[in-house]
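Below you'll find the structure, written out as structure tokens, and then a few comments.
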There are 2 protein chains.
Amino acid sequence: MSIKSPPPDIVIGRLPIYLRALELLSRQGLEVTSSYELGERLGASSAQIRKDLAQFGDFGKQGTGYNINFLMEQLRQILQVNRVWEVVVMGAGHIGQALIHYQGFSQNQYRIVALFDTDTQKIGQNVNGITIHSADQAAAYVAEHQIKFAMLTTPADAAQTTADLIIEAGIQAILNYAPITLNVPEHVRVEYIDPISKLQHMTYYIEIDNETELASQDATDD
Amino acid sequence: MSIKSPPPDIVIGRLPIYLRALELLSRQGLEVTSSYELGERLGASSAQIRKDLAQFGDFGKQGTGYNINFLMEQLRQILQVNRVWEVVVMGAGHIGQALIHYQGFSQNQYRIVALFDTDTQKIGQNVNGITIHSADQAAAYVAEHQIKFAMLTTPADAAQTTADLIIEAGIQAILNYAPITLNVPEHVRVEYIDPISKLQHMTYYIEIDNETELASQDATDD
DNA sequence: TAGATTGTTAATCGATTAACAATC
DNA sequence: TAGATTGTTAATCGATTAACAATC
């Protein structure tokens, strides 16, 4: 009678964090962990971790906890990260070129296969073994190689049209470094890398020391 | 009798997004906007935007909406982003050096004033006008200049000890690029820049085309 | 067995949305 | 005035936490 509801998106978003913590524990030579240990390391409640994992199966053993390597493998399967994914980068400015050099992507099986820009000065240049191609060719490339992932590092005012272009060609997931909210169809996911808004978020809470304040006040007293 | 509860953190986190949208509208020459227009641009409900803003004051006019420049100024005051904030960068690897070159920080009044690393090969080198200093000197620098912000770009295994060091010296906000969850005291905020976990989150939802699947299947039929 | 820890239910908490009187 | 849009309340929805029987 009851239809199982899909796992909440917020839970999916936490699985990569759990996976990373497990990888660390595994590297440290541990074989088993518990929702309490994971929770402590990640600043989450053990209840949340148990409930999140239980969405996808019975991965633990009462009294013992979770086998680290087994749980890692399960999470990789669930997330579909147990294979290599090819990625294109749109925009060969500072951010785009920095992404090419970032080892973390390849270490996690995201392989950057092409880099596109509109600047004719840049086209043909080589960045760490990747040639910069004309943005005109991006759609054809994405379609031909059935690429699903793009990182978007164009200026803000080019981001939406660039996104439209590559979505049309088959892109399903965009990691957006451009400081603008994208409008995309239902079947396309967007995640935002937005250091400015995160800095501004934290800035709200900053407390200024008294001395600093006093130094900029008028000397109205005595 | 009733004590006004502080604005939820999740609301604070959306204010920078609203601010950025307003800046865009302002650049486009508009003077007034509405919760409906903002909501459409940002993929949020108009009710949410009105409720979020009403946490901080009555900024709108019935029948008219919000004066863009006025609301921008109010949000900047609330977030404390209407001044320059100095920032130190811990770690002069690829990410740290890329951050030095990123214009977005200075455009938004976050001024990177120092860069620290433990690698004696790097110390003394100059990155876009910023000298790389020994990480040993970071705490003293932070304390002397009363720096509140740090960006953390060390390897994962150095991140926690580096954080401890600069928190002790007075850092209140850390933008963490290292792929590890930090443990920090109550009064310190941490935000994570984590492209890998965002890619992995999206990967869960990727749908593979039939042809691709078929190509990797055994030819068991006919 | 005793101790530990899971998976799950129910209770709590918090966030979002719908709706509308107020009013520009 | 009529139309538009706010600020706010109440209803709904969803996420987190507490608690514990089951069981390794």
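Lettering of chains follows the sequences in order, A, B, ..., and the numbering in each one begins at 1.
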Practice problem: Scan residues 148-177 of chain B for pairs that pass ring pair (Phe, Tyr, Trp, His ring centres under 6.0 Å), counting only residues two or more places apart or in two chains. | Solution: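 Residue pairs with at least one partner in residues 148-177 of chain B: Trp85(B)-Phe149(B), Tyr110(B)-Phe149(B).
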Exercise. Specify the residues of residues 11-40 of chain A, ordered by number, for which at least one heavy atom lies under 4.0 angstrom from an atom of DNA chain D.
Key: Arg14(A)
Exercise. May I ask you to list the residues of residues 58-69 of chain B, by number, that have any heavy atom positioned under 4.0 Å from an atom of DNA chain D?
Key: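 By residue number: Asp58(B), Phe59(B), Gly60(B), Lys61(B), Gln62(B), Gly63(B), Thr64(B), Gly65(B), Tyr66(B).
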Quiz item: For the residue pair Asp117(B) and Gly93(B), what are the closest heavy atoms and their distance?
Solution: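 Minimum heavy-atom separation between Asp117(B) and Gly93(B): OD2-N, 3.9 Å.
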Practice problem: Taking all non-hydrogen atoms of both residues into account, name the closest pair between Met72(A) and Ser26(A) and its distance. | Solution: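 Result for this residue pair: SD-CB, 3.8 Å.
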Practice problem: Rounding to 10 degrees, work out the angle separating the end axes of the helix from dG3(C)-dC24(D) to dC24(C)-dG3(D) (five pairs an end). | Solution: 20°
Practice problem: Let me know, please, whether Ala47(A) or Asp9(A) comes out on the 5' side of the other along DNA chain D by nearest nucleotide. | Solution: Asp9(A)
Quiz item: For Phe105(B), what residues pass the ring pair (Phe, Tyr, Trp, His ring centres under 6.0 Å) criterion, not counting sequence neighbours?
Solution: Tyr102(B)
Quiz item: What residues, two or more places apart in sequence or in another chain, satisfy ring pair (Phe, Tyr, Trp, His ring centres under 6.0 Å) together with Tyr205(B)?
Solution: none
Exercise. Walk along DNA chain C from 5' to 3' and tell me the first and last nucleotide with an atom closer than 4.0 Å to a non-hydrogen atom of chain B.
Key: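 That gives a stretch of dA15(C) to dC24(C).
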Listed by chain and number, what are the salt bridge (charged side-chain N to carboxylate O under 4.0 Å, His left out) partners of [X], not counting sequence neighbours?
| X | result |
| --- | --- |
| Arg189(B) | Asp9(B) |
| Glu73(A) | none |
| Glu31(A) | none |
| Glu23(A) | Arg76(A) |

Quiz item: Is atom CD of Gln28(B) surrounded by more than 12 heavy atoms (other residues, nucleotides or ligands) closer than 6.0 Å?
Solution: yes
Quiz item: Are any of the side-chain heavy atoms of Pro185(B) and Ile167(B) separated by less than 4.5 Å?
Solution: yes
Self-check item: Listed once per pair and sorted, the salt bridge (Lys or Arg N to Asp or Glu O under 4.0 Å) pairs that draw on residues 160-181 of chain B, sequence neighbours left out
Solution: none
